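The structure under discussion appears below in the form of structure tokens.
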Amino acid sequence: MAGFLAPFRQPRRIVGVMLLMWVPLTLYVMFGDGLGGARFYVLMPAIPATLLLYVLAITSWRESPVALIGATLVFFWLLVAVLVPYLPLVDPNKPMAPFAVIGAVRNDHLFVLGADFKGRDMLARTLWGCQRVLVWGVSATMVAYVVGCLLGLIAGYLSGWWDQGISFVSNVLLSFPVMVLFILILNYLGPSGFNIVIAVTFASAPAIMRIVRGITLDMKSRDYIYAAQTRGEHPLRIMVFELLPNARGPIIVDACLRLGYTTVAITTLTFLGLGLQPPDPDWGLMIKESAKVAMLFKFSYMLLAPALCVSSLVLGFNLMADGLREMSLRD
Amino acid sequence: MLKLIASRLLQMLLIMVVVSLLLFLIFDSDKFKKQIAVAELGGFAVSALSEQDYEAWLEKKGLNVAFYERYAKWASGVAHGNLGRSFEKNEPVLSLVAERLTNTGILAFWVFALMIPLSLGLGIVAGMKEGSKRDRVVSFVAVFTTSLPEIATAIIVTVVFALGLRWVPANSSMVNGWDWRQLVLPVMTLVLYDFGYVARMTRASMAEVMTSQYIRTAVLKGLPYRRVIMRHALRNALIAPFTIIVLQLNWLLSGVVVVEVFFQYAGFGKLLLDAALFGDVYVIQAATLVAVCVAVVSQIISDVGYTLLNPRIRFG
């Protein structure tokens, strides 16, 4: 087993496998309509890539059961996201039998998780719902990290006016209550997935910048940085190739936690009507649509199913972060 | 110390000016003006309006002047204690904000009253013996409840206690006057969400203190365990949780929009959301400034409290 996996353990190849999983998924969710007939086949290479990543994760994190549980939860939803077009599910947007309860059989179709108020199959909607949350959540976090890391490196390494300017702007942004910032940006730009990315970047990049700035300040006076300076390397090169790789430990742990926050934020924003738009299923949207009509115990599955799904995903990210931190402290 | 507080307050004022200018700039865009028009007159009426009629409406609302003039007028009004009128509800912003702040204050009081003893107690019990069974149970529960998003916790407690057991109403809008039973679910949601975080911090702080030399000395010289915990350990272990609890104030003020919207509780967060969606610029200004103020002041209290409580840190 280990011998078979060894060639994939190099960082560069892991990134390659991640891209193989991520690019099809992003293409499918963000630009799905533009793909035409190819849409059905796009996700196929992502399935083995996801499985391989999961096996890599559980074999290398064996020492931390917490991280294992977290990775299992996260990879469960990732697998569902790449597999869902090939599963034998009904169309998640097709109205069939309004208010069919759990286990009801209508029109020769068994509603395993019931149907919502418009009669759409809850099982299909719940499983399809993970795609948008995952893709937009991870994309938003990644963009926020690129911006935050760059600003943090510049502020920490160049210091002086750069530091003063960037720190003041991030202080202003951090002094806004997060929700106000989200609401203002999304209301101004209009609710959509891409604007969520922008809003999350504005809200998270200042905090990421602070973390990276702190690490940079700490590492700036190390010998290998002086060596690079003496070699006459460009400051940008030093920042990206010398400082950033050495700051990756705390950044990865923070990224896991922040993925959880972003997932919550996207669900919350969609619930408030500021996020992703109908009709495609999404957990926040399912809660929003059912919040008014499902106030009877009989129909509470309409709210419980998306709530439990989003909780399991966030729990997965948090446990993963906990496990990674534990492991990095042990080394 | 005083110098530190003064510089922080000065920075707060600077940030407030920048923030309020930014807000005015954003809400000066045509999009938001139109949004107010649509909300007040109705979408069909606005699309039927001629250019002149729309200009006249803007003039009537005082929206046609340049934004820096409006800003100057608003700023001088604020200096005289006049925060303007709400476009949406057509009442003075001051009374509106004060009313919502009171509601949120009541919510926050009960959350604190339940959360502080619960999280401190559990954190101390867990941190007394790191790695023990009690510690692991508390840590797991804390991670679990904190990982559930507020919206999920709100749904779960609603389904269990309001829809299933029918002990309390699911709606907290208080339309028929004040009712403490309607406060139960929002408070429960917020306590469940927040206590885990504070408990974990308390546990970490307590665990760190318990490994220190002076605790070992106290145990070795034969003091009863109870006394070691109560007199020696707690004093130092509670410094870090104190600062964190103060910072929760900020979260309770504006971070709980979802809970207030889900339970339809007329609190400060819901006011912020409604005003931002409507484009009610004066309400947003006032509410954001209050939020920024609370954020900075709670930060200062937390920092000052930390230095006062911890004799190892002294500012020159």
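A, B, ... follow the sequence lines: proteins, then strands. Residue 1 opens every chain. Everything numeric here is computed off the predicted structure, so don't read it as measured data.
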Heavy-atom distance under 4.5 Å to chain B: side chain of A:Ile287, backbone, both or neither?
-> side chain
Are A:Ser311 and B:Ser147 close enough that some pair of their side-chain heavy atoms sits under 4.5 Å apart?
-> no
Applying a strict 4.5 Å limit to non-hydrogen atoms, the region of A:Tyr188 in contact with chain B is both
With chain A, the option among B:Val258, B:Asn250, B:Leu253 that has the most non-hydrogen atom pairs under 4.5 Å is B:Val258
Sequence neighbours excluded, the answer for side-chain contact (heavy atoms from CB on, under 4.5 Å) partners of A:Cys256 is A:Met320, A:Ala321, A:Leu324
Most contact-rich option vs chain B, by heavy-atom pairs under 4.5 angstrom, among A:Gly273, A:Ala307, A:Gly316, A:Ser312, is A:Ala307
Give the member of B:Val159, B:Thr146, B:Leu22, B:Ile15 that has the highest number of heavy-atom pairs under 4.5 Å with chain A.
-> B:Val159
Side chain, backbone, both or neither: which part of B:Ile151 has an atom under 4.5 Å from a heavy atom of chain A?
-> side chain
If you count heavy-atom pairs under 4.5 Å with chain A, which of B:Ala275, B:Ala276, B:Gly269 comes out on top?
-> B:Ala276
Heavy-atom distances under 4.5 Å only: say whether A:Leu319 touches chain B with side chain, backbone, both or neither.
-> side chain
Find out whether A:Phe271 and B:Val261 are in side-chain contact, i.e. whether some heavy atom of one side chain is under 4.5 Å from a heavy atom of the other.
-> yes
Among B:Val257, B:Leu272, B:Val18, B:Val19, which has the most heavy-atom pairs under 4.5 Å with chain A?
-> B:Val19
Heaviest contributor of heavy-atom pairs below 4.5 Å to chain B, chosen from A:Leu274, A:Thr267, A:Val178, A:Asp322, is A:Asp322
Give, as side chain, backbone, both or neither, the part of B:Phe140 having an atom under 4.5 angstrom from any heavy atom of chain A.
-> neither
Ranked by heavy-atom pairs below 4.5 Å to chain A, first place among B:Arg200, B:Gln299, B:Glu150, B:Gln11 goes to B:Arg200
Can you check whether anything in residues 160-173 of chain A gets within less than 4.5 Å of chain B, heavy-atom wise, and list it by number?
-> A:Phe168, A:Asn171, A:Val172
When rounded to the nearest 0.5 Å, the distance separating CD1 of B:Ile156 from OG of A:Ser300 is 11.0 Å
Select one option (side chain, backbone, both, neither) describing which atoms of A:Leu269 are under 4.5 Å from chain B's heavy atoms.
-> neither
